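What follows is a set of notes on a single structure, which appears directly below.
Bear in mind that the values here come from a model prediction, so they are computed numbers and not experimental data.
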Amino acid sequence: MNDGSRVRVVLADDQPVVRAGFRALLDLTEDLVVVAEAADGVQALAAVRTTRPDVVLMDIRMPRMDGLEAIRHIAADPALDAVRVLVLTTFEVDEYVFEALRSGAAGFLLKDIEPERLREAIRTVAQGHSLLAASVTRRVIEEFARLRAARPVDAERRLAVLTEREREVVSLVAAGLSNADIGARLFMSPLTAKTHVSRAMTKLGVRDRAQLVVLAYETGLVTAGAGRERRPAR
């Protein structure tokens, strides 16, 4: 984080009432501070580049530039590598949410989220974690990955950079297991599991565990609803 004591947040939503509500909640929290607001994607991107926040609360449907495009710009800019994006949405199962996770968002929040859960979510992603524990997030990923036909040739080419152990680890990440859970399952330490996860992310060119889960489903390494790893083709 930019400041050891406060998480810096940018609010991006085209509805002033929504922004005011979130700001009011965050202003009551000592360790969170709103550093900028934006009414569209263009303003959001400018605010992120100017303030370098820890977390962006990003709406998807906004004028001029939508949230998806703004997320892609943030994810593609090495100077903004530390910026984490949480998508704001009204619906749990939303194709735009899936695309946001593919593009680099760390997770998503429903706009009617309870105040304390909002604060905890911001703290979680600011610490470098993804919001993958919630079953609803995995349900979104599974549903829209299922609707996209897997392309085995492309999948094998993408996954060829991984070792067998790394494929196992990625499959378990996609099933929702933590590093400690993966370590217990594969008889290794949590630190070793974390190392395998980090190496897999580097090799696959993804920025966090959320994108790793999306890729696992899209390539067919994990099948929707199965919650278990698929054996690689021989």
Side-chain angles (χ1 to χ4, degrees), residues 55 71-72 74-87 97-108 121 124-146 148-234:
V55 177
I71 291 169
R72 294 188 188 106
I74 292 170
D77 189 341
L80 303 178
D81 189 58
V83 177
R84 312 282 286 172
V85 179
L86 276 172
V87 173
V97 171
F98 176 73
E99 290 298 333
L101 294 172
R102 288 184 78 236
S103 300
F108 75 94
T124 295
V125 298
Q127 292 168 1
H129 304 300
S130 300
L131 291 181
L132 292 178
S135 61
V136 65
T137 302
R138 291 198 300 275
R139 189 161 73 246
V140 169
I141 294 172
E142 286 187 4
E143 176 64 17
F144 289 100
R146 182 181 64 79
R148 290 168 175 266
R151 294 172 295 180
V153 174
D154 292 340
E156 285 306 313
R157 185 183 300 119
R158 188 76 189 272
L159 297 173
V161 297
L162 301 180
T163 65
E164 288 294 317
R165 177 60 84 187
E166 287 165 350
R167 287 192 182 208
E168 284 185 282
V169 169
V170 171
S171 297
L172 295 176
V173 169
L177 275 65
S178 66
N179 291 336
D181 293 332
I182 293 171
R185 177 77 66 89
L186 299 180
F187 304 102
M188 62 177 66
S189 70
L191 181 58
T192 300
K194 181 179 180 181
T195 298
H196 282 303
V197 172
S198 297
R199 286 176 179 169
M201 288 195 296
T202 298
K203 289 181 178 181
L204 294 170
V206 300
R207 66 187 266 150
D208 58 28
R209 291 171 83 103
Q211 284 193 307
L212 197 61
V213 172
V214 170
L215 186 144
Y217 279 104
E218 283 198 314
T219 58
L221 185 64
V222 170
T223 55
R228 60 181 181 273
E229 60 267 40
R230 193 187 81 177
R231 291 184 179 276
R234 299 295 183 186

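With sequence neighbours left out, R165 forms a salt bridge (charged side-chain N to carboxylate O under 4.0 Å, His left out) with E168. Annotation: side chain to side chain contact (heavy atoms under 4.5 Å, CB included) contacts of A184 (sequence neighbours excluded): none. Applying the side chain to side chain donor-acceptor pair (under 3.5 Å) criterion to D77, with sequence neighbours excluded, gives no partner residue.
Closest heavy-atom contact between R158 and V161: O-CG2, 3.6 Å. The two atoms that bring V170 and L162 nearest to each other are CG2-CD1, 4.3 Å, heavy atoms only. Between A100 and V87, the shortest heavy-atom distance links the atoms CB-CG2, 3.5 Å. Residue R207 comes nearest to L80 through the heavy atom pair NH2-O, 3.9 Å, listed as atom of the first residue, atom of the second, then distance. Of all heavy-atom pairs between A210 and L101, the closest is CB-CD2, 4.4 Å. The shortest heavy-atom contact between F108 and L86 is N-CD2, 4.2 Å.
Side-chain contact between D181 and L172 is absent, with no heavy atoms from C-beta onward closer than 4.5 Å.
Remark: R209 CZ to M201 CE distance equals 7.0 Å, nearest 0.5 Å. Taking CG of L212 as the reference point, atom CG of L204 lies at 6.5 Å (rounded to 0.5 Å). How far CZ of R102 is from CD of E99: 5.0 Å, rounded to the nearest 0.5 Å. Annotation: the span from L215 atom CG to L159 atom CG amounts to 6.5 Å, rounded to 0.5 Å. Rounding to the nearest 0.5 angstrom, the gap separating the CG atom in D81 from the CD1 atom in I74 is 12.0 Å.
Applying the side-chain hydrogen bond (donor to acceptor under 3.5 Å, both in side chains) definition to pairs two or more places apart or across chains, those involving residues 194-203 are E166-K203.
Distance alone, capped at 3.5 Å, places no donor-acceptor pair between the N179 side chain and the I182 backbone. With hydrogens and angles ignored, the 3.5 Å screen pairs no side-chain donor or acceptor of R84 with any backbone N or O of A106.
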